[in-house]
Amino acid sequence: MANNETLLKKIIAHSKEYGYIFPSSEIYDSLAAVYDYGQYGVELKNNIRNYWWESMVHYHENIVGIDSAIFMHPTVWKASGHTDAFNDIFIDNKDSKKRYRVDLLIEEHIAKIEDKILKEISKVSQKYGDTFDEKMFRTTNKRIIEYQNTINEINKKFNEALDKKDFAEIKKIIEYLGIVCPVSGSKNWTEPRQFNLMFSTQIGSTSNEDNGLIYLRPETAQGIFVNFLNVQKSGRMKIPFGIAQTGKAFRNEIVARQFIFRMREFEQMEMQFFVKPGTELEWFSYWKEQRLKWHLSLGIPSNMFRYHDHERLAHYANAACDIEFNFPMGFKELEGIHSRTDFDLKSHEEYSGKKLRYFDNELNESYIPYVIETSIGLDRMFLAILSYSYKEEKLDDGSERVVLNIPSLLAPIKVAILPLVKKDGMPEKAKNIFNSIKTDFLCQYDEKDAIGRRYRRQDAIGTPYCITIDTQTLEDDTVTIRERDSMKQDRITINEISNTVNKRIKESYKLAC
RNA sequence: GCGGAAGUAGCUCAUUUGGCAGAGCGAUAGCCUUCCAAGCUAUAGGUGGCGGGUUCGAGCCCCGUCUUCCGCUCCA
């Protein structure tokens with residue numbers, strides 16, 4: 001564990017030193033849990049996004065992409081459940097330092113009372129056997145009626161306080177009920193507090209009641225759902241079909257840490273797949289499998305990944321699974337695959353009053369499609385690639401090197417062009433080569449310092465191929481091509497550079513569809 | 001948000017009763033070098049996180065604040 005902690009630290013330091021990731025607004029002491037991508041970071045990030053986009057949108061004729069706005073009508077978030085679900089009220093126990101969701105504390109308390117009712121019932125039902133009438137008993141037994149009244153009373157008071165956002169009243173209820181912290185056993189509570197997980201801002205001219213209060217989207221999925229009909233009709237899409245989107249999302253995390261794993265501003269790559277009701281679980285397992293294949297296609301070993309099936313499901317799902325990656329902090333969620341049922345479209349139908357249905361010619365009827373969601377964090381994928389790639393190697397000659405074994409398809413710089421020495425016309429020759437292949441790959445020219453040191457520099461930023469120009473190049477137009485991982489060199493002609501690099505990159509991954 | 005540790009050059013770290021702020025690596029320019037870091041010369045780079053206080057004098061002591069790291073509740 002200690003090793004893994006230092007590994008993450010090393011990756012963070014390496015990212016900063018070599019232009020991958022910088023803390024946001026660093027000269028002003030940074031902004032917590034916000035990061036900027038540097039000159040190599042942006043290339044890697046773009047390459048990951050492109051690979052995802054091509055695998056999802058270009059290689060599937062029944063999946064199309066969109067790019068919806070970050071600003072959305074505020075009602076979208078009422079319909080999605082975010083306005084309520086992401087506005088939980090928390091309370092801290094001062095002794096155990098534990099934080100609890102107030103509604104869950106109350107729920108637990110109510111569950112205890114319900115337990116008492118059930119005990120009463122089972123006691124009596126054993127006595128009377130088959131002739132026992134539970135309904136009758138519930139409505140007539142004095143004790144049960146009392147319990148039930150208590151429950152109703154708590155619910156009523158709590159909901160009233162919630163509606164009014166009356167935090168003082170909420171605290172009173174908790175104190176009145178004598179709820180104790182399960183850990184410390186004390187009733188030493190802080191004031192209840194609200195953590196709004198959505199960022200809000202003002203927009204001038206919306207017509208809603210809150211004076212133009214709108215939110216930055218906490219997920220990109222809703223942009224897909226509200227455009228479901230637009231895309232389906234304009235694209236003449238037939239079920240099953242998918243809509244994909246990548247883009248920024250924003251969440252005001254209570255605790256945002258672990259580098260770019262959990263940021264306030266992050267980027268998602270989501271695909272919502274619309275299917276016939278009743279077929280959703282088949283499609284769920286299909287996409288579960290497909291998405292893992294996509295990860296493995298990059299050549300990262302399969303033991304770095306694992307599935308994690310959800311036991312407790314979110315309000316909108318009837319099946320859910322994470323693909324977890326073995327980050328330096330351990331196995332953590334990288335991608336989620338959810339069977340979202342018809343929750344979102346149905347809810348948008350209710351709130352918007354617009355029919356969001358699909359007419360199925362085979363069945364000769366219309367229905368609200370069910371949805372399978374694949375949702376991956378781009379920044380998390382970035383961190384996965386980086387933490388898999390970062391290696392400190394001890395070489396045979398006793399020296400050490402730090403290398404990023406980034407899958408070459410995703411590497412920021414693909415080719416470095418290096419004159420062996422800075423004289424005898426080698427720099428000029430090298431610049432000619434640079435100019436002739438710069439339209440094929442992102443290249444970098446470097447003539448400073450000894451050749452070995454330049455190789456190490458390229459290793460450190462993860463450049464898979466180095467082309468070196470030497471005396472022989474001047475005689476017969478051949479160069480050496482050096483592989484980052486093996487450090488082996490081959491001699492090829494200048495004309496072969498593009499094809500060779502292309503071929504080797506293609507061989508390094510299995511096309512994912 | 002709460003508790004614990006830390007913050008000195010781009011990076012890693014020195015600088016002790018409180019007395020002129022330093023080194024290595026890196027960077028830049030040049031020299032030397034014909035294939036895997038650590039050859040030579042020169043140069044740049046610091047209001048010691050920031051703000052206040054104590055003191056003749058603060059990087060060091062005190063207070064506040066910000067940021068980062070480590071532990072606790074949600075999520076992609």
Side-chain angles (χ1 to χ4, degrees), chain A residues 1-2 5-6 8-9 12-14 16-19 22-33 82 85-86 88 90-101 104 183 190-191 193 195 197 218-221 249-264 266-270 314 322-324 329 332-338 373-381 383 395-402 418-424 426 448-460 466 468-474 479-480 482 484 487-489 491:
Chain A
M1 205 54 194
E5 274 166 23
T6 59
L8 183 62
K9 277 185 187 160
I12 293 169
H14 192 86
K16 195 188 151 194
E17 189 173 357
Y18 288 95
F22 308 121
S24 160
S25 320
E26 197 187 6
I27 62 168
Y28 292 107
D29 264 346
S30 308
L31 197 57
H82 285 82
F86 279 73
D88 295 328
F90 290 83
I91 193 164
D92 291 8
N93 183 272
K94 288 178 187 168
D95 300 312
S96 66
K97 311 285 182 203
K98 297 274 181 194
R99 170 166 298 153
Y100 299 94
R101 258 171 62 184
L104 294 184
V183 175
T190 62
E191 291 303 312
R193 268 173 301 195
F195 292 89
L197 269 78
E219 64 173 22
T220 55
F250 305 84
R251 288 185 197 176
N252 213 349
E253 301 288 347
I254 302 168
V255 172
R257 230 179 276 168
Q258 283 167 329
F259 197 35
I260 56 170
F261 185 80
R262 184 175 286 109
M263 292 193 288
R264 300 218 150 93
F266 61 103
E267 187 159 347
Q268 294 183 307
M269 305 191 288
E270 296 198 304
D322 295 336
I323 294 174
E324 295 186 334
M329 321 77 84
K332 299 260 185 182
E333 177 178 3
L334 170 63
E335 171 156 9
I337 296 106
H338 290 93
E373 166 186 275
T374 72
S375 173
I376 171 170
L378 175 50
D379 312 276
R380 286 185 179 183
M381 183 68 188
L383 183 59
L395 304 180
D396 294 339
D397 63 3
S399 66
E400 288 170 15
R401 71 163 183 167
V402 174
L418 314 170
L420 187 58
V421 290
K422 199 169 58 172
K423 62 179 185 189
D424 299 339
M426 287 183 210
K448 174 77 181 162
D449 297 316
I451 188 69
R453 185 195 284 263
R454 281 179 277 163
Y455 286 147
R456 298 300 164 89
R457 268 207 289 266
Q458 295 301 328
D459 289 341
C466 289
T468 305
I469 287 81
D470 54 18
T471 328
Q472 196 181 330
T473 311
L474 305 173
V479 295
T480 60
R482 169 196 183 263
R484 173 194 63 200
M487 301 195 290
K488 292 230 171 73
Q489 285 177 289
R491 188 162 278 276

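When reading the values below, keep in mind they use all heavy atoms of this one structure, side chains included, and skip hydrogens, waters and symmetry mates. Letters go in sequence order (proteins before strands), and every chain restarts at 1.
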Please report the distance, rounded to the nearest Å, between [atom1] in [X] and [atom2] in [N].
X        : N     : atom1 : atom2 : value
A:Glu333 : B:A76 : CD    : P     : 6 Å
A:Arg251 : B:C74 : CZ    : C1'   : 9 Å
A:Leu395 : B:A38 : CG    : C1'   : 14 Å
A:Leu383 : B:C75 : CG    : C1'   : 16 Å
A:His82  : B:C74 : NE2   : C1'   : 12 Å
A:Asp322 : B:A76 : CG    : C1'   : 9 Å
A:Met263 : B:U68 : CE    : P     : 13 Å
A:Leu334 : B:A76 : CG    : P     : 12 Å

Output all residues satisfying side chain to side chain contact (heavy atoms under 4.5 Å, CB included) with [X], sequence neighbours left out; order by chain, then residue number.
X        : answer
A:Thr480 : A:Thr468, A:Asp470, A:Gln489, A:Arg491
A:Lys488 : A:Ser486
A:Ile12  : A:Leu8, A:Phe259
A:Glu333 : A:Asp322, A:Arg380

- Just jot down the side chain to side chain donor-acceptor pair (under 3.5 Å) partners of A:Thr374, sequence neighbours excluded, or say none.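 With neighbours one apart ignored, the set is empty.
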- Message: So, using side chain to side chain donor-acceptor pair (under 3.5 Å) as the criterion, who are the partners of A:Lys16 when residues are at least two apart?
- Response: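 For A:Lys16 the side chain to side chain donor-acceptor pair (under 3.5 Å) partners, ignoring immediate neighbours, are A:Glu26.
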- With A:Asp379 via salt bridge (Lys or Arg N to Asp or Glu O under 4.0 Å) - residues at least two apart: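 In terms of salt bridge (Lys or Arg N to Asp or Glu O under 4.0 Å), with neighbours along the sequence ignored, A:Asp379 is linked to no residue.
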Base, sugar-phosphate alone, or nothing: which one does [X] contact when heavy atoms must sit under 4.0 Å apart?
X        : answer
A:Thr468 : base
A:Arg457 : sugar-phosphate
A:Gln489 : base
A:Leu378 : nothing
A:Glu400 : base
A:Arg453 : sugar-phosphate

- Query: In dot-bracket form, how is RNA chain B paired, counting a Watson-Crick or G-U wobble pair only if both its distances are under 3.5 Å and using | for bases paired to another strand?
  - Reply: (((((((..((((.....[..)))).(((((.......))))).....(((((..]....))))))))))))....
When the [atom1] atoms of [M] and [N] are compared, how many Å lie between them, rounded to an integer?
N     : M     : atom1 : answer
B:U15 : B:A23 : P     : 15 Å
B:A44 : B:G26 : C1'   : 13 Å
B:C60 : B:A6  : C1'   : 15 Å
B:A21 : B:G46 : P     : 15 Å
B:G59 : B:U54 : P     : 16 Å
B:G57 : B:C40 : C1'   : 43 Å
B:C69 : B:C31 : C1'   : 44 Å
B:C56 : B:U16 : P     : 24 Å

Distances for protein N or O near nucleotides 32-34 of chain B N or O, under 3.5 Å:
{"unit_1": "B:U34", "atom_1": "O2", "unit_2": "A:Thr471", "atom_2": "OG1", "d": "2.8"}
{"unit_1": "B:U34", "atom_1": "N3", "unit_2": "A:Thr471", "atom_2": "OG1", "d": "2.2"}
{"unit_1": "B:U34", "atom_1": "O4", "unit_2": "A:Asp424", "atom_2": "OD2", "d": "3.2"}
{"unit_1": "B:U34", "atom_1": "O4", "unit_2": "A:Thr471", "atom_2": "OG1", "d": "3.4"}

Scan nucleotides 9-13 of chain B against the protein and return all N/O pairs shorter than 3.5 Å with their distances rounded to 0.1 Å.
{"unit_1": "B:C11", "atom_1": "OP1", "unit_2": "A:Lys16", "atom_2": "NZ", "d": "3.0"}

- Message: I want to confirm an ordering. Mapping A:Ile376 and A:Lys448 to their closest nucleotides on RNA chain B, which one lands closer to the 5' end?
- Response: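 Nearer the 5' end of the strand: A:Lys448.
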- Among A:Met426, A:Arg457, A:Arg454, which one satisfies side-chain contact (heavy atoms from CB on, under 4.5 Å) with A:Leu418?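 When side-chain contact (heavy atoms from CB on, under 4.5 Å) is applied between A:Leu418 and each of A:Met426, A:Arg457, A:Arg454, only A:Arg454 qualifies.
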- First locate atom NE2 of A:His82, then atom CD of A:Glu219, and finally report the distance between them rounded to the nearest 0.5 Å.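 One gets 3.5 Å once the value is rounded to the nearest 0.5 Å.
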- Considering all heavy atoms of both residues, which atom of A:Glu270 and which atom of A:Ala221 are nearest to each other, and what is their separation?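 A:Glu270 and A:Ala221 have their closest heavy atoms at OE1-N, 2.6 Å.
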- Task: Answer with yes or no whether A:Arg454 presents, from its side chain, a donor or acceptor under 3.5 Å of a partner atom in the base of B:C36.
- Result: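 A donor-acceptor contact between them is absent.
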- Query: If we require ring centres under 5.5 Å and near-parallel planes under 30°, does A:Phe266 stack on B:A76?
  - Reply: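 Yes; centroid distance and tilt both under limits.
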- Query: Of all residues at least two apart in sequence or in a different chain, which pass the ring pair (Phe, Tyr, Trp, His ring centres under 6.0 Å) check with A:Tyr18?
  - Reply: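 A:His14.
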- Task: At under 4.0 Å between heavy atoms, which parts of nucleotides 40-45 of chain B does protein reach? Answer with one letter per nucleotide, 5' to 3': B base, S sugar-phosphate only, - none.
- Result: ------
